[in-house]
Amino acid sequence: MADDGMILNFQLGSAPLKPQTTKFTGGRWRDRKRAEKSAKLAGSQSKTPRDEGDAEASERAPKRYKTNDNGESSGWKPGNQSQSSLGPKKPSTNDNAGGRSSHRGQSDGHKGSRQVISRLFSFNPEQKTVAEKEESEWEAPEATNAPLSDVANFGTLALASRLVDELSKMNLERPTAIQNKVIPHLISNSGDAFVQAETGSGKTFSYLLPILHRVLQLSGKGDGKQIHRDSGLFAIIVAPTRELARQTHSVLEQLIRPFPWLVSTSITGGESKKAEKARIRKGVNFLVATPGRLADHIDNTKALNLGTVRWLILDEGDRLMDLGFEEDLKKAINALKRIIVADKTTNGTLLDSLPDRRVTVLCSATMKMNVQKLGEMSLADATFLAAEKDADQTAPTDQAVLKAPAQLHQSYIIAPAKLRLVTLISYLKLAFSRRGRTMKAIIFHSCADSVDFHYELLRDPAKKDLPDTSAKEAEVLARTVSKAAYITSPASPEVILHRMHGSLSQPVRTATIKSFAASKLPSVLITTDVSSRGLDIPSVDLVIEYDPAFSFSDHIHRVGRTARAGRSGDAALFLLPGTEEGYIELLKASTPPTAQSCESVLEKGMLSKLEFPVETTAKPEDGKTCHEKAETLQLHIEQRLLVDPKQLELARNGFKSHIRAYATHIKEERVHFDISELHLGHVAKSFGLRDPPGGIGAGIERKAKKKGAKGGKVKPSTDAEEDQSRPGRDRFKEKSMYLMKATADEFNIG
Ligand SMILES: Nc1ncnc2c1ncn2[C@@H]1O[C@H](COP(=O)(O)OP(=O)(O)OP(=O)(O)O)[C@@H](O)[C@H]1O
C-alpha cells in the first residue's frame, strides 16, 4: 500500500527534486490518491520548504487544541518554565501536526544528502495543570508495609518454633502489621476471614504460616510427623494467574522444606493435566491452583478428595473476579460446601488441631464491588482483618480502598503523544545511568502488541549472548530476553531487556520472569497487566506506567510491584496533556504525587551520549540542543522502521492494539481517557510511524470527528463496545463477557 509518509522518508540523493510526474496505477483508490498527494507535497516542499510546510501543518492541526496567533499550539502554560519550551517554533524545519515527518529540503549535516526531519516540539496540545509538587520536594514518609518495629519477633505470635527458625533463616524476623493481625486470628479461630492490606505487606505469609502451624500441631506433638502425603489435602490456595500460583507455591515449598513428610503441589493452566493427576493421586497436603484448572480437576480427577480440606484461600480476590473466574470459583466453593467436616480422623490421625469447620479466607489489596460479591459467595460470618492503621475500618465497603504504600514515591510526567517515545528512552537512560539507583524496572503497557514493538525496538539486535545463561536457557529466552540498546549508558553496566505477556507460552513466561528476578545486571521488564498482580520481585525499584492502567485499582497493583515490605520505590506515570491530566486528582487521593517535567527528562537524557544500534542516515551526533537530539532519535527510529518490514509491522500492530485498548478503561474513569481526544497522528509518532495505519485507528478517528459534529458520545468500535442504552444488568453481563474474552487472550490463564 502506498504510504505518503514512507515515500517522503527515503534517502533522495543530492539531485534537486523534480515535481512528481509518475502516474500511480493499481491498488486502492484511496492509496493511489495518497501517493499522488505525497508526491505533490514532496515536489512543493523542495521549493519552499518552510512556508508551505507550515501551511500544511496548520491545516492538519487539530482544531480542538488551542492555537496561538501563528496558528501553532501554544504548548505549555506560561509560568511552567521548564515545560513551556516544549512548544517553540523552529524556523528551520517543517512540521505537520498529523505526526508525519517532512523534507527539510536542505542538507542535514550529511553533505549532499536530502534529509527529512521529524518535528516533535510544535503543535503539541496545551498542558492544563500546574504542578503542585516538584520531584525535589518529596520527602519519604514512614513505610506502611514494613515489619513492625515494636514487635520483638514472629515468636510472639505463638507460631511453632520450627517455623520461627525457618523464617529467621529467610531473614524474616518481625511480622508486618497485617501478619500481626491475621496470624494469631487464624491460629485461634475457625471462622472465615476477609484480609485486606496494601500491596507488599506480606499477605502470603499471613495465611500460610497459621495453616502450617496448625498442621504441624497435629496430635499435640508440634512437629506433625505423623502426618504424611496420604493424610489428606488440608488447604487449597487459589490464585488468579499462573505466575502468582507458582510464586505462592514456591514460598510454601520453602516453608515446608524442613518438614519433608508434608507435600504440596501446584496445578495451573498450561501444564500437563496428566502429570498433575499423577501427583494428586500420590497424595498432597497443600494445593495451589488457578481457578480454571482447579474446577477441571474437581470435575475430572477422582483422586482429588476434598473431604479433609479445612482451608480455602482465595488470594487476589478482585482479580479472580475481574478475570471472569466466577463460575469456576462457584464450582470449587460449592464442592467444598457440600462436604461436611464431620470426620475428625484421617488414616488413623486425629485432626484435633485443625479447624472443625471449613475456613475460607479471602484476600485483597484493593476492594471492589466484585470482591464483595465473591465474599457473599464464599464467606459466612467472616471477620474483617485489616492492618492496625486501618483499624477504624471495620468492614469492607463498596468504596475501593486504594492506597499505595506511603513510602512509594509516585510521580507523573505529562508528555505530549509525539514526545512519548523519546521521553521514555530518555527516562530509562537517566534511570540506569544514576549509579546505585535503579537496578530493576518494570514498564507497563496496555497490550501485548505494544510490548512486542517496544521490546524489539529497544533491544540491541547485534548483541546476542546473555550473561549467566546456559545454552538451554538461552534457547528458551531467545525471544524474550536481550541486551538493550539506547538506554544503556556507556559508563554503566549493560541493561538487560525482558518481554512478558499472556500470549507467550507458559515455559517462556516462567523462564522470563525467573531470568528477570535473578538478573544481577540492571534489568527492564516490558510487560502488560499480566505482571501487575502479586508478582514479588523485591529488587524492583522503579515502575513506569507508560500506558495508564485500565482502572485505578490496577494502578495500585502495578505500582505495588515496588516499595514492598518497607523498601523504598519509585513509580512514574506517563499522561497526555489534556483530559488525562484529570487523573492526577485520583493519584492524589492515594499518595500525593510529584510532577516530573518532560522537558527536563529530555534535557538530561538526550544530552548524555546517545548510541544507535542500527546505522541510519540520522546519526547520534546530529544536533546540539536536546530538542534537536530528540528529533534525531525520533528520525532514526522512523528510518529504522522504513527499512525493516518486521519492525514496521510490529509498530502498526502495536499502534492499533494500543488504540483499541484505550477504549477499555473502566467507565468511571473513561472521562480521563476519552478516545476522541487522541490525536492519532501524534500517537502514531510514538510508535515511530509517520501516519496512523488504517483499520481501527482510522475508524476511531472518523467517530471522533462525528462526535465533534454531533456533540454526542463516541462509541469505540472495539471489543469493549458497550450498549449504553440497555439496562444495567445486561450491560454488566456484556462487560463481564468482554472482560472474560479479552483477558482469556491476554492473560492466557485457566
Ligand atoms: N515480616 C516480613 N519481614 C520482611 N519481609 C517480609 C515479611 N513478610 C513478607 N515479607 C516479604 O514481603 C514481600 C511481599 O510479600 P507478599 O508477596 O506476601 O505481599 P502481598 O501483601 O501479598 O503483596 P501483593 O498484594 O502485592 O501481592 C515478599 O518478598 C516477602 O518475602
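Note that ligands are numbered from 1 as they come in the structure, with each ligand's atoms numbered from 1 the same way. Every heavy atom of this structure was used, including side-chain atoms; hydrogens, water molecules and symmetry mates were not.
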Starting from atom 12 (O) of ligand 1, locate the nearest protein heavy atom and write down its residue, its atom name and how far away it is, to 0.1 Å. Ala565 CB, 3.2 Å
Between Ser568 and Gln407, is there a side-chain donor-acceptor contact under 3.5 Å, judged purely by atom types and distance? no
Hey, is the main chain of Gly569 close enough, under 3.5 Å, to the side chain of Asp541 for a donor-acceptor pair? no
N/O separation below 3.5 Å, Ser201 to ligand 1: yes
With atoms numbered from 1 as shown, which atoms in ligand 1 lie under 4.0 angstrom from a non-hydrogen atom of Phe154? 1 (N)
Find all atoms of ligand 1 within a distance of less than 4.0 Å from any non-hydrogen atom belonging to Gly534, and give their numbers and elements. 27 (O)
Geometry only, no angles: is Gly202 polar-contacting ligand 1 at N/O separations under 3.5 Å? yes
Lys/Arg N to Asp/Glu carboxylate O, Arg564 vs Asp536, below 4.0 Å: yes
Could you go through the salt bridge (Lys or Arg N to Asp or Glu O under 4.0 Å) check for Arg293 and Glu276 one step at a time? CA-CA 10 Å; Arg293 192 48 75 91; Glu276 288 177 353; 3.0 Å; yes
Closest to atom 8 (N) of ligand 1 among protein heavy atoms sits Gln179 NE2, 2.8 Å
Quiz question: by atom type and distance under 3.5 Å, do the side chains of Asp547 and Ser446 form a donor-acceptor pair? yes
Heavy atom of the protein closest to atom 6 (C) of ligand 1 (residue, atom name, distance): Leu172 CD2, 3.5 Å
Looking only at N/O atoms, are Arg564 and ligand 1 under 3.5 Å apart anywhere? yes
Counting heavy atoms only, name the option from Lys203, Met170, Glu173 that's nearest to atom 20 (P) of ligand 1. Lys203
Enumerate the atoms of ligand 1 whose separation from the nearest heavy atom of Arg174 is less than 4.0 angstrom. 1 (N), 2 (C), 3 (N)
Quick one: does Arg561 get within less than 4.0 Å of ligand 1, heavy atoms only? yes
Any donor-acceptor N or O pair under 3.5 Å, side chains Thr510, Gln506: yes
Among all protein non-hydrogen atoms, which one is nearest to atom 18 (O) of ligand 1, and what is the separation to 0.1 Å? Thr204 OG1, 2.6 Å
Tell me yes or no: between the side chains of Asp570 and Gln410, is some donor less than 3.5 Å from an acceptor? no
Are the charged groups of Glu585 and Lys588 less than 4.0 angstrom apart, N to O? yes
Student check: side-chain heavy atoms of Ile227 and Phe234 closer than 4.5 Å: yes
Could you find the nearest protein heavy atom to atom 3 (N) of ligand 1 and give me its residue, atom name and distance? Pro147 CG, 3.3 Å
Specify the protein heavy atom at minimum distance from atom 31 (O) of ligand 1: its residue, its atom name, and the distance to 0.1 Å. Phe205 CE1, 3.8 Å
Quick one: look up the protein heavy atom nearest atom 29 (O) of ligand 1 and list residue, atom name and how far away it is. Asp536 OD2, 2.5 Å
Short N/O distance, under 3.5 Å, between Gly200 and ligand 1? yes
Looking at Tyr546 versus His454, is the centre-to-centre ring distance below 6.0 Å? yes
Indicate whether the side chain of Ser551 and that of His665 have a donor and an acceptor atom separated by less than 3.5 Å. no
Please check whether Glu316 reaches ligand 1 - meaning an N/O of the residue sits under 3.5 Å from an N/O of the ligand, judged on distance alone. yes
